[in-house]
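See below for the structure under consideration.
In the text below, chain A, chain B and the rest are named by the order of the sequence lines, each starting its count at 1. Just the heavy atoms: all of them, side chains too, but no hydrogens, waters or symmetry mates, feed the values below. Bear in mind that the values here come from a model prediction, so they are computed numbers and not experimental data.
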Number of protein chains: 2
Amino acid sequence: MFSTVSTTDLVTQIARQITEAIVTGKLRPGARLTELQLSREFGTSRAPVREAARLLESQGLVVSNPRRGFFVRTLTASDMRDIYELRIGLELHAAGIALERMGPAEIALLERQIAKLYALADAGSVESQIFEDFIFHRMLCEASGNARLIKVYDELATEMRAGITLIGKLYDDPHRIAETHEPILAALKKGDREELLSALHYHITVAQEAVVALFEGIERGDAS
Amino acid sequence: MFSTVSTTDLVTQIARQITEAIVTGKLRPGARLTELQLSREFGTSRAPVREAARLLESQGLVVSNPRRGFFVRTLTASDMRDIYELRIGLELHAAGIALERMGPAEIALLERQIAKLYALADAGSVESQIFEDFIFHRMLCEASGNARLIKVYDELATEMRAGITLIGKLYDDPHRIAETHEPILAALKKGDREELLSALHYHITVAQEAVVALFEGIERGDAS
DNA sequence: ATTGTGATGATTGTCGACAATTGACTCGTA
DNA sequence: TACGAGTCAATTGTCGACAATCATCACAAT
């Protein structure tokens with residue numbers, strides 16, 4: 001999850017910086033990525049920048065028009081609906097498997113993560129709460145023990161972050177955000193499969209509806 | 001699904017050729033991909049080859065060791081188990097959504113696809129049947145209407161093909177392969193959700209067990 | 001025989017440059 | 001004023017070259 005060592009290769013480093021710029025909103029959707037400008041900014045030549053851009057394209061953060069270059073991908077309401085719908089399938093599947101594999105230790109970790117959400121609700125920034133929120137769900141996916149599944153989750157998480165950045169509004173009540181994770185934890189503790197899947201489904205669906213509605217509003221021309 | 005025009009850009013073209021070489025087995029798992037050799041083979045310079053290799057890395061077909069280059073990814077039994085396990089979650093989710101959206105026309109297309117499988121069982125090559133088998137399941141995913149989900153399926157399909165290539169043995173009774181799709185179709189026609197998910201789950205699990213067992217055998221040192 | 005060491009060849013990572021193409025801009029004309 | 005053709009700057013796609021690094025191999029020492 002976190003950078004292993006500071007000495008990663010140049011392409012990865014560049015890709016990470018561009019990703020940060022996108023998910024934090026410094027690079028707006030639709031913004032053009034000119035290779036020369038980026039290479040100057042990073043103090044490298046164009047080659048590593050191109051490769052980094054290709055990497056980000058495969059992750060769905062940027063799109064490339066042949067002969068025109070790379071642009072920050074503009075996520076639509078339809079995109080977000082698909083992403084969250086897929087996430088439902090993915091995360092419920094992960095939870096179903098995880099339920100069989102989790103011991104008290106793993107569940108305790110999730111509980112601590114929720115505590116962290118509460119703490120950030122009181123004292124932290126919105127961005128850090130969003131980040132830790134994703135960590136919670138990633139831990140759930142990790143508990144499935146399926147590396148391939150985790151990889152897909154990470155890709156979805158990146159896209160969701162890229163989309164959500166525009167939207168601090170969703171998190172107007174950070175305390176409530178933390179609360180909504182409780183039913184998931186409760187079901188896990190009980191070992192109730194039906195309840196777990198139901199709680200997760202509800203949790204994600206609520207987020208989906210909020211995000212999609214907001215995007216539809218933006219597309220309709222409300223304040224960005 | 002198929003190439004839109006013959007004039008795709010160079011990187012895509014190279015990536016496609018390397019992919020073909022991998023999934024057809026011409027490039028064995030673990031084989032080294034030297035940029036110079038590939039660039040000579042394609043009559044280009046190294047730059048497009050590098051980008052194509054990066055693309056394939058993001059698809060999980062090749063891996064890169066920094067300063068050492070690219071190698072054809074060696075899929076393990078554990079990898080295949082994860083891939084098929086994820087596929088179960090993905091495809092069942094897709095089917096659940098698809099059930100609501102499919103009309104007689106879409107179901108008829110699936111029926112024709114099964115007919116094609118029978119035809120290939122009688123007269124076709126194993127490879128073409130494998131291909132059309134994947135098409136059947138892709139059609140099911142397409143019916144979900146979720147583009148993001150389809151993208152993940154395509155990635156999984158590529159990895160499965162890369163793994164399965166070694167294995168013509170799994171398709172020793174091609175007629176039976178076609179048959180195993182019938183229960184899925186039957187459930188769809190009935191509109192029985194439970195039966196559909198159950199049939200799909202069984203169908204994929206059977207494949208998973210066969211593939212994983214084969215890989216475990218290979219890892220144990222049986223004939224490759 | 002085995003292990004450590006040094007040279008050597010091959011390969012990657014990165015760079016700057018050139019040609020091809022695109023999009024915008026200007027100018028002229030109806 | 002509106003529209004179209006032609007020109008031009010900017011950017012990408014591709015290339016060959018150089019330096020840094022790694023693996024291999026031979027050779028010597030224990």
Please tabulate the protein-to-nucleotide N/O contacts below 3.5 Å involving nucleotides 17-21 of chain C, giving atom names and distances.
residue, atom, partner, partner atom, Å
C:dA17, N6, A:Arg46, NH1, 3.4

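- Whole-Å rounding puts the B:Asp9 CG to C:dT22 C1' distance at 16 Å.
- For the pair B:Arg68 CZ and C:dT12 C1', the interatomic distance rounds to 11 Å; values are reported in whole Å.
- Between A:His181 and A:Phe136, the ring-plane angle classifies as perpendicular under the 30° and 60° cut-offs.
- A:Glu142 has a carboxylate O that lies under 4.0 Å from a charged side-chain N of A:Arg138, or vice versa, which qualifies the two as a salt bridge.
- Listed by first then second residue, pairs satisfying salt bridge (Lys or Arg N to Asp or Glu O under 4.0 Å) with a partner in residues 92-103 of chain B number zero, not counting sequence neighbours.
- Residue B:Glu51 contributes atom CD, which lies 13 Å from atom P of C:dT14 at whole-angstrom precision.
- Between the P atom of C:dT14 and the CZ atom of A:Arg50 lies a distance of 15 Å, rounded to the nearest Å.
- Applying the side chain to side chain contact (heavy atoms under 4.5 Å, CB included) test to A:Gln208 and every residue at least two apart in sequence or in another chain returns A:Arg81, A:Tyr84, A:Glu85, A:Ile88, A:Thr205, A:Val212.
- B:Leu140 has its side chain within reach of B:Leu200: a pair of non-hydrogen atoms, C-beta onward, lies under 4.5 Å apart.
- Applying the salt bridge (Lys or Arg N to Asp or Glu O under 4.0 Å) definition to pairs two or more places apart or across chains, those involving residues 68-77 of chain A are A:Arg73-A:Asp79, A:Arg73-A:Glu159.
- Considering only residues two or more places apart in sequence or on other chains, B:Ala47 meets the side chain to side chain contact (heavy atoms under 4.5 Å, CB included) condition with B:Ser45.
- As a whole-Å value, the separation of B:Arg40 CZ from D:dT14 C1' is 18 Å.
- Contact of the B:Glu41 side chain with the B:Gln17 side chain is not registered, since no non-hydrogen atoms from C-beta on lie closer than 4.5 Å.
- Nearer the 5' end of DNA chain C, as judged by each residue's closest nucleotide, is the contact made by A:Ser45, out of A:Pro66 and A:Ser45.
- Separating the CG atom of B:Asn65 from the P atom of C:dT12 is a distance of 11 Å, rounded to the nearest angstrom.
- Less than 4.0 Å separates DNA chain D from at least one heavy atom of each of the following residues of residues 31-39 of chain A: A:Arg32, A:Leu33, A:Thr34, A:Glu35.
- Between the side chain of A:Gln113 and the main chain of A:Glu132, a donor-acceptor pair closer than 3.5 Å is present.
- Looking at which nucleotide of DNA chain C each of B:Gly69 and B:Ala47 is closest to, the 5′-most match is held by B:Gly69.
- Atom CZ in A:Phe71 sits roughly 10 Å away from atom C1' in D:dT11 (whole-Å rounding).
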